[in-house]
Amino acid sequence: MAETRATTGTGEPASRPRQSSWKYIGPGIVVAATGVGAGDLVATLIAGSKFGYTLMWAAVIGCVVKISLAEAAGRWHLATGRTLFDGWRSLGLWTTVYFAVYVVLWGFIYGATAMSSSALPIVALFPDGPGLKFWAIVTGLIGLAFVWFNRYAVFEKVMTVLIGIMFVVVVYVAARVVPDVGASFAGLLPVLPDGSLLYTLGLIGGVGGTITMAAYGYWVNAKGWSNSSWMKVMRLDNRVAYITTGIFVVAMLIVGAELLHASQVALTSGDRGLIDLGKVLEDRFGAGTAKLFLVGFFATSFSSLIGVWHGVSLMFADFVERFRAPAAGGAKTEEHEGADVAERRQRSLPFRAYLLWLTFPPMTLLWLDEPFGLVIAYGVLGAFFMPFLALTLLWLLNSSRTPGEWRNGWVSNGMLALSGLLFVVLCVQQVRELPW
């Protein structure tokens, strides 16, 4: 993109576009670390164990789709100076109602899931120590204290360390199983083996595709990127995020294909599947590799926990702020959303109230089976979120709410439309699979 002077949502000239540089990278690392959870890695492993390298192409497409989605969210924040929830609110009351129900119910169940997932590798590393519930509560309290008392800069540094651990461990394990390079490249040719459709859709839409994609714009603002002069920087940052995510997916597909496919080892679905993989690695490569993998498992789970504790709490604080304010009546200036606003939100009562909601009420689910009705409602609302995100971004970025030069081109429209269609299909399938 040429170094032209951009304009703000009010027509005022913005500062000169920043040169994209690796030194600015940050929010993308955060969104990558948060979006890749233990359950996502297991789903990828299972796809590799069932179909070998055949679905490698789906992992690549999924990476491209999510680059487009996150770029759209970041572009909205920088081009308009408005938050994503502010944009949603301008589309009508229905978005507020949906988000209010979703964020409360989702947070209640996700809190228990994140704490349990972070505790599993600790229990496996220290089998003679306290049990799963104890460690789940400890990880939840540590996450609460960390996000409560630290600001974005410290949060970003810790997330960078965690994703570094994830990256090294996952790539190391993939290298240990000795990938078949020829089969890997052959897997880039799109084919659909019998029975692979749902696994293919899951690979394209699943890994790194959560509410944290909507939080990306909030982290962009918290970094201090507050107007369209940061657009090139944001795009580089976003590409780094999802290329990193793509490497995770490819590495786990390799592990599934090489370690599990040939021997037909079955994994437990969900987070516990990584405990199964740890045992397979111990049998094949020894206790050292297995323990290293469990450390990577912990980094994967705990980074998702603190990422959600921070990012979704920022979104909730913005939601409460907009809900209290008069109805949106036009674009704000870009300067209204930046590091100072994010700092204020992190000290606000709604931010801290949602942090507490993510931590303490979900602890009750550690002792109880999830109630049937709650599981159904959570599943339906969760299935609808990604179509909701893709289609509302398509709407916002083609309307007068976005300054003309930053509206969607044909490539962005095509990718967002493809994303929306994909996530609608996944939504229908997820709802059908719920235990009605």
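Just so you know, these numbers come straight off a predicted model, no measurement behind them.
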Any donor-acceptor pair under 3.5 Å linking the side chain of [X] with the backbone of [Y]?
| X | Y | answer |
| --- | --- | --- |
| Ser116 | Thr113 | no |
| Thr212 | Gly311 | no |
| Lys66 | Gly62 | yes |
| Arg75 | Trp406 | yes |
| Asn221 | Trp225 | yes |
| Gln346 | Leu314 | no |
| Thr34 | Ser304 | no |
| Ser419 | Leu69 | no |
| Asn238 | Ile67 | yes |

Just checking, any donor-acceptor pair under 3.5 angstrom between side chains of [X] and [Y]?
| X | Y | value |
| --- | --- | --- |
| Ser117 | Ser301 | yes |
| Tyr242 | Glu71 | no |
| Ser90 | Arg401 | yes |

Output all residues satisfying side chain to side chain contact (heavy atoms under 4.5 Å, CB included) with [X], sequence neighbours left out; order by chain, then residue number.
| X | result |
| --- | --- |
| Val250 | Met56, Ile254 |
| Thr139 | Met115, Ser118, Ile122, Phe298, Phe302, Leu305 |
| Thr96 | Phe85, Arg89, Leu93, Phe319, Phe323 |
| Ile247 | Phe167, Val171, Ile243 |

>> Among residues at least two apart in sequence or on other chains, which ones pass side-chain hydrogen bond (donor to acceptor under 3.5 Å, both in side chains) with Thr289?
In response: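 Partners of Thr289 by the side-chain hydrogen bond (donor to acceptor under 3.5 Å, both in side chains) criterion, ordered by chain and then number, come out as Arg176.
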> In chain order, what residues pass the side-chain hydrogen bond (donor to acceptor under 3.5 Å, both in side chains) check against Thr392, with sequence neighbours excluded?
Replying inline: Trp88
>> For Ile306 and Leu162: C-alpha separation, side-chain torsions, deciding distance, then whether side-chain contact (heavy atoms from CB on, under 4.5 Å) applies.
In response: CA-CA 11 Å; Ile306 61 174; Leu162 290 172; 4.0 Å; yes
Min side-chain heavy-atom separation [X]-[Y] under 4.5 Å:
| X | Y | answer |
| --- | --- | --- |
| Leu84 | Leu393 | yes |
| Tyr24 | Leu236 | no |
| Leu281 | Leu259 | yes |
| Met363 | Leu141 | yes |
| Leu78 | Val220 | yes |
| Phe285 | Val173 | no |
| Tyr53 | Glu258 | yes |

Any idea which heavy atoms bring [X] and [Y] closest together, and the distance?
| X | Y | value |
| --- | --- | --- |
| Ala290 | Glu282 | CB-CB, 3.7 Å |
| Leu91 | Trp94 | O-NE1, 3.3 Å |
| Val424 | Pro387 | N-CG, 3.8 Å |
| Ala112 | Leu365 | CB-CB, 3.8 Å |
| Ile163 | Ala32 | CD1-CB, 3.6 Å |
| Gly28 | Asp237 | N-OD2, 2.6 Å |

>> Please evaluate residues Ile25 and Val233 with respect to the criterion side-chain contact (heavy atoms from CB on, under 4.5 Å), reporting the C-alpha separation (whole Å), side-chain torsions for both, the decisive distance (0.1 Å), and the verdict.
In response: CA-CA 8 Å; Ile25 298 300; Val233 175; over 6 Å; no
> Among Asp340, Asp318, Thr83, whose side chain to side chain donor-acceptor pair (under 3.5 Å) with Arg345 holds?
Replying inline: Asp318
> Does anything in residues 242-255 pair up under salt bridge (Lys or Arg N to Asp or Glu O under 4.0 Å), and if so which pairs, sequence neighbours excluded?
Replying inline: none
>> Filter on salt bridge (Lys or Arg N to Asp or Glu O under 4.0 Å), then keep only pairs touching residues 106-115, sequence neighbours left out; what's left?
In response: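 Sorted pair list comes back empty.
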> Step by step, would you call Glu321 with Arg344 a salt bridge (Lys or Arg N to Asp or Glu O under 4.0 Å)?
Replying inline: CA-CA 11 Å; Glu321 187 178 308; Arg344 173 176 55 76; 3.2 Å; yes
Scan the side chains in residues 349-359 for donor-acceptor partners under 3.5 Å anywhere in the protein, sequence neighbours excluded, and list what turns up.
residue, atom, partner, partner atom, Å
Tyr354, OH, Val103, O, 2.7
Trp357, NE1, Val104, O, 2.9
Thr359, OG1, Trp309, NE1, 3.0
Thr359, OG1, Leu355, O, 2.9

> Pairs in or reaching into residues 128-137: which pass side chain to side chain donor-acceptor pair (under 3.5 Å), with residues at least two apart or in two chains?
Replying inline: none
>> Run the ring pair (Phe, Tyr, Trp, His ring centres under 6.0 Å) test against Tyr216 and tell me which residues pass, sequence neighbours left out.
In response: none
Scan the side chains in residues 151-161 for donor-acceptor partners under 3.5 Å anywhere in the protein, sequence neighbours excluded, and list what turns up.
residue, atom, partner, partner atom, Å
Arg151, NE, Glu343, OE2, 3.0
Tyr152, OH, Glu156, OE1, 2.7
Glu156, OE1, Lys223, NZ, 3.3
Glu156, OE2, Lys223, NZ, 2.9
Thr160, OG1, Glu156, O, 2.8

Calculate, to the nearest 0.5 Å, the distance between atoms [atom1] and [atom2] belonging to [X] and [Y] respectively.
| X | Y | atom1 | atom2 | value |
| --- | --- | --- | --- | --- |
| Ile61 | Leu422 | CD1 | CG | 9.5 Å |
| Ser313 | Tyr218 | OG | OH | 12.5 Å |
| Thr95 | Tyr102 | OG1 | OH | 15.0 Å |

> Run the side-chain contact (heavy atoms from CB on, under 4.5 Å) check on Leu274 and Leu120 step by step: do they pass?
Replying inline: CA-CA 9 Å; Leu274 293 185; Leu120 274 171; over 6 Å; no
Would you call the rings of [X] and [Y] parallel, tilted or perpendicular, taking 30° and 60° as the class edges?
| X | Y | value |
| --- | --- | --- |
| Trp106 | Tyr110 | parallel |
| Tyr98 | Phe385 | parallel |
| Phe297 | Phe293 | tilted |

> When you look at Phe146 and His310, which way does the ring-ring contact (aromatic ring centres under 6.0 Å, His included) test go after all the steps?
Replying inline: CA-CA 9 Å; Phe146 173 75; His310 188 276; 8.6 Å; no
